[in-house]
Amino acid sequence: MSLDAATVRRIAKLARIRVNDEEVSTLQNELNAILGYVEQLGEVNVDGVEPLSGGAQMALRQREDQVTDGDMAEKILANAPDRIGNFFAVPKVVE
Amino acid sequence: MFDLTLAGAAKALKAKEISAVELTSAYNEAVAALNPRLNAYITTTPELALEQAKAADARLADGSATPLTGIPIAMKDLFCTEGVRTTAGSAILEPFVPPYESTVSGKLKAAGAVMLGKANLDEFAMGSSNITSFYGAVENPWKRQGSEAKLVPGGSSGGSAAAVAARIAIAATGTDTGGSIRQPAAFTGLAGIKPTYGRCSRFGVVAFASSLDQPGPMARNVEDNALLLNAMAGFDAKDSTSADRAVPDFTASLTRGVKGLKIGIPKEYRLEGTNPEILALWDKGIEWLQAQGAEIVEISLPHTKYGLAVYYIVAPAEASSNLARYDGVRYGKRVDGADLIDLYERSRAEGFGAEVKRRIMIGTYVLSHGYYDAYYLKAQKVRNLILKDFTDAFGQVDAILTPTAPSAAFGLGEKMDDPVTMYLNDVFTVPASLAGVPAMSVPAGLSADGLPLGLQVIGKHFDEETVFAVSAAIENAAGFSALPEVRAK
Amino acid sequence: MAYTLEGSTGAWEVVVGLEVHAQVISQSKLFSGASATYGGAPNAHVSFIDAGFPGMLPVINKECVAQAVRTGLGLKAQINLFSRFDRKNYFYADLPQGYQISQFAHPIVGTGTVEIELQDGTIKHIGITRLHLEQDAGKSMHDQHPSKSVVDLNRAGVGLMEIVSEPDIRSPEEAGAYLRKIRQIVRYLGTCDGNMEEGSMRADVNVSVRKPGEAFRTRCEIKNVNSVRFVMHAVEAEALRQIEVWESGGEVVQETRLYDPAKGETRSMRSKEDAHDYRYFPEPDLLPLVLEQGWVDGLKAALPELPDEKRARFCAEYGIPFYDAGVLVADQATADFYETVAKGRDGKLAANWISGDFFAAMNRTGKSIENPPVSAADLGALLDLITDKTINGRIAKDVFEEMVETGKAPGAIVEEKGLRQVTDTGAIDAAVTKVLDENQDKVAEYKSGKDKLFGFFVGQVMKAMQGKGNPALVNEAVKKQLG
């Protein structure tokens, strides 16, 4: 499988990263090199093999339902690039 | 004073031969002198360090000190530190000051360790040479014999490695996703361990690839690593992947020896046209262990050769999702845009460097509709086969010995032609990361041109003790005592 | 009769499936310890985890898991002892992590079924495809500033149950009945408050149309509809739109739409045009969720009686009609109120009083079943007075109104006002004699065959006795004296 420029643009759009024409062509080459490298997985027989998704092999621990966090709007907003009162602010979104 | 190990410094502090303030002041000065050249720290915190040193002296006086009290260390700038800027080596977090502390840095703080500053790293820990940091490359304090060419310290924990090697920190924290502790340790003549996945909490550590990331120590020798890991490890209810297991005293295993241990030598690692120097060192390692009573067993890890391919699907996939939160809305860098999407795209285009973008792109692609099965799912299945390789091997042996990296430290600007060449650096370290087993790099010798080389000891899940025992045995036999050219004296 | 819409080419059938998002009732959020309480000052109920800060990790809330299992059990659905969380990746201002933690491949609850009742009494079964747990998003507001939207993350990370139905629904009425039934069940279970105004319950409505007997055609998804009435309207509006598209030779395009209640129509959501590719993959910060059968059994044993069972029991135990029982089990509080009144009494009498005078008084006074115009104990006492013939039914209505007005106990009112029923036959006979004497002409008419006048005489006697005469005895006496 080889990536064309349109796919690179589509992926960049999905990843919300602005790319110019030059970057598209560089990325296209680099991504194709990486994809070319990982093609070797094609030769591994994985019939009947379960996917391994996590690093730890145990069941999920569950916490008690208690309010232990929050009530710190100032800390939450302290790093905000833009805020209005205790809200985060972004350019107007039209739905 | 700068050649003190952590254990040595702790002894001196305890014996009141030196005060924590004196030690920290000396290190602060050394940092100020050498960091402009090495760029090992992104942010230095001399005042904070002095404050912590004063508190450490109080603890040393009142008897509440731990072996880490008053020890000046470098904190990889991937650990969130309350009130101290945390960048992850990225422009997108340039203005970010966490209002919270990571569990591991908090444990070290509580143990009385003194933080000299935040160590440089590859951007979001993505790299093997520390050249992808937005805050500039780190220079390896080691030089090839007769050459002043700048070498890379390895990565991603390159700043941590350079700082400890150059004696501008006694020890450091690192994180390891595919070799980010072990490879830079090997490149700078240090010992460093990636513990079992789940041994050290990931809470508050800027995530790269969640199923692989694991914090760990980097220091001058194996013992110092054990002392650090004693403090860093432990169950954390805030990390769902943290293991609820008791933490043994790792220093106790240092003197166990290797008599009667079965050490596996994976035959597949001999191929791939590896540097003969590396192979020779490996053979030496085998002899050392054999001489100390270990039994050497040839084993097979048939799928580990696919480790890199699996890694370069799984890690970018997780990263593409983990890094979605850097969107310029709640913290970090924002580049204004006409609308929200424009703001996202500009902030992320300017905030992320080339390597990070590359990995986000690959990760996004392998998870995207129509490609998930062929790439991501397939990689997860092969990952399971790799885990099975290790499980099978550990049915026969107690630990596995391999080289850490396929070469010694390379020059800044080398291996930069294409990403895949650079990725090959991790060929020996990635399989243990995928399997989640502990692995340590120990300095074992020098290359023909005088650069440090490391051997890697891989253990069973949660059996860091055997890893320490075997590593200590190699350390003793190797008697590695070479020093880097650039260092505080 | 099956519901169809008439187009220019004949009848069309409507096919609907609902995805109901129900906010889990819990103290804290699904993956953080911040409060899950509705409201609060902006960004007050927010932890660093909810705000997607670097290095933050999710830890699951046990109660949210239990609530999902309870709901699954209430939907008579399969509980999956193994489930897993996945990340659903997309960018939005109120989605701090850039992904929603949800369950895609392995939901906690599998297939189940829900029984709905239609206006004409028909019972229909709607299949449940699955229920999964996921995080709610924050809230963007677009009207607070001329050029900016603002974001409040108080809701970000609150537990949600997404309940997905099979495309078994065939009319707006069925859609409404289904949604009401789901709301009733979760309210009974105490797993969601079902409050659609506050957004703690909302529905995505999938609509398509087809000619009877055809395979399914393309569907459209109407997002975030927030009342039962709007769901019903949206189904009809969207079905009519699709019929028009098909009949004018066009093709319905699969897309996400919004229902505009003011215009009563659906419109395409432009902001979602950019085709979504959610890139689901297993959440690496969490491990698989493994439940023990014994724990599930324990939850099952502790479940409250659900509306369907309660209704059947009310019919059997209190001998009331199926329809009446349905009204009484509409919500837990009404059912409890009824049972308090009916226990040890005449169940039919209790049902009649509650669905009649009591509901009327509740509506008139603007009170609720939680804060009733008359307590269940007082209403029961009133029924006792009727049953033991202390007062008759006529007087009881007056006593009831007095109870509503003054809050006094029925016994006290009866005593105070001397409303005891007269059962003394001597007094009754005297009253009858007097009435007949005063109405000689009417007596003559009655005797000449005008039977209907019997009621008149009884009425006059009751009136003369200020309504306190025992109706049966009065009847008897009138009959006797008229010969």
Side-chain angles (χ1 to χ4, degrees), chain A residues 1 3-4 6-19 31 34-35 38 41 46 49-95, chain C residues 26-29 32-37 40-51 53 59-66 84-85 89 91-93 98 138 140-142 144-154 258 269-272 274 277 279 281-284 286-290:
Chain A
M1 280 176 263
L3 289 179
D4 57 14
T7 307
V8 172
R9 283 179 205 283
R10 183 175 65 81
I11 296 298
K13 186 89 197 157
L14 264 180
R16 295 284 186 264
I17 296 173
R18 175 74 40 94
V19 286
L31 299 188
I34 298 168
L35 292 174
V38 304
L41 292 184
V46 292
V49 178
E50 284 295 311
L52 177 68
S53 54
Q57 328 301 316
M58 48 189 190
L60 186 60
R61 216 170 28 243
Q62 303 178 37
R63 65 166 221 281
E64 295 302 321
D65 182 25
Q66 284 160 354
V67 178
T68 55
D69 211 341
D71 273 327
M72 49 171 182
E74 205 38 59
K75 283 186 176 179
I76 294 289
L77 286 141
N79 280 281
D82 190 11
R83 62 189 276 188
I84 295 173
N86 272 0
F87 292 104
F88 294 103
V90 296
K92 204 170 201 62
V93 177
V94 185
E95 281 200 331
Chain C
S26 61
Q27 299 295 311
S28 59
K29 293 183 177 182
S32 89
S35 168
T37 312
N43 289 306
H45 299 170
V46 180
S47 73
F48 297 124
I49 298 166
D50 309 318
F53 272 72
V59 181
I60 199 166
N61 181 341
K62 187 192 259 179
E63 177 62 11
C64 292
V65 175
R84 205 181 62 193
F85 289 91
N89 295 284
F91 285 88
Y92 199 66
S140 302
M141 280 154 280
H142 313 299
Q144 314 263 319
H145 188 277
S147 63
K148 290 173 183 176
S149 291
V150 302
V151 182
D152 174 19
L153 299 177
N154 278 350
L258 266 185
M269 272 175 93
R270 282 178 212 295
S271 62
K272 305 257 175 177
D274 163 29
D277 185 338
R279 290 158 284 136
F281 76 105
E283 163 59 289
L286 295 168
L287 304 160
L289 180 60
V290 180

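Labels below follow one simple rule: chain letters A, B, ... track the order of the sequence lines, proteins then strands, and each chain is numbered from 1.
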(Q) Using side-chain heavy atoms (C-beta onward) and a distance below 4.5 Å, is A/F88 in contact with A/P81? (A) no
(Q) So for C/F281, is it side chain, backbone, both, or neither that comes closer than 4.5 Å to the heavy atoms of chain A? (A) neither
Q. In terms of side-chain heavy atoms, does A/S53 have a donor or acceptor partner in C/R84 at a distance below 3.5 Å?
A. no
Q. In terms of heavy-atom proximity below 4.5 Å to chain A, should C/S140 be classed as side chain, backbone, both, or neither?
A. neither
Q | Part of C/S147 lying under 4.5 Å from any heavy atom of chain A | A | backbone
Q. Distance from A/R10 atom CZ to A/L3 atom CG, nearest 0.5 Å?
A. 9.0 Å
**Q.** Flag for C/N61-A/D65: side-chain donor and acceptor within less than 3.5 Å
**A.** yes
Q | A/R61, part contacting chain C, at a heavy-atom distance under 4.5 Å | A | backbone
Q | C/K29 and C/D50 ion-paired at < 4.0 Å | A | yes
Q.
With chain A as the partner, which of C/N154, C/L153, C/N89, C/V59 has the greatest number of non-hydrogen pairs under 4.5 Å?
A. C/V59
**Q.** Among A/Q62, A/K92, A/E74, A/E64, residue most engaged with chain C (heavy-atom pairs, under 4.5 Å)
**A.** A/K92
(Q) Please classify the contact of C/V46 with chain A as side chain, backbone, both or neither, using a heavy-atom distance under 4.5 Å. (A) both
Q. Are C/S149 and C/Q144 side-chain neighbours, meaning at least one heavy-atom pair lies under 4.5 Å?
A. no
Q: Would you give the length of the straight line joining atom CG of A/L77 to atom CE of A/M72, rounded to the nearest 0.5 angstrom?
A: 10.5 Å
Q) Between C/G98, C/A51, C/S47, which has the largest tally of heavy atom pairs under 4.5 Å with chain A? A) C/S47
Q | A/I76 versus chain C, the contacting section by heavy-atom distance below 4.5 Å | A | both
Q.
I need the residue from C/A66, C/P282, C/P288 with the largest number of non-hydrogen atom pairs under 4.5 Å to chain A.
A. C/P288
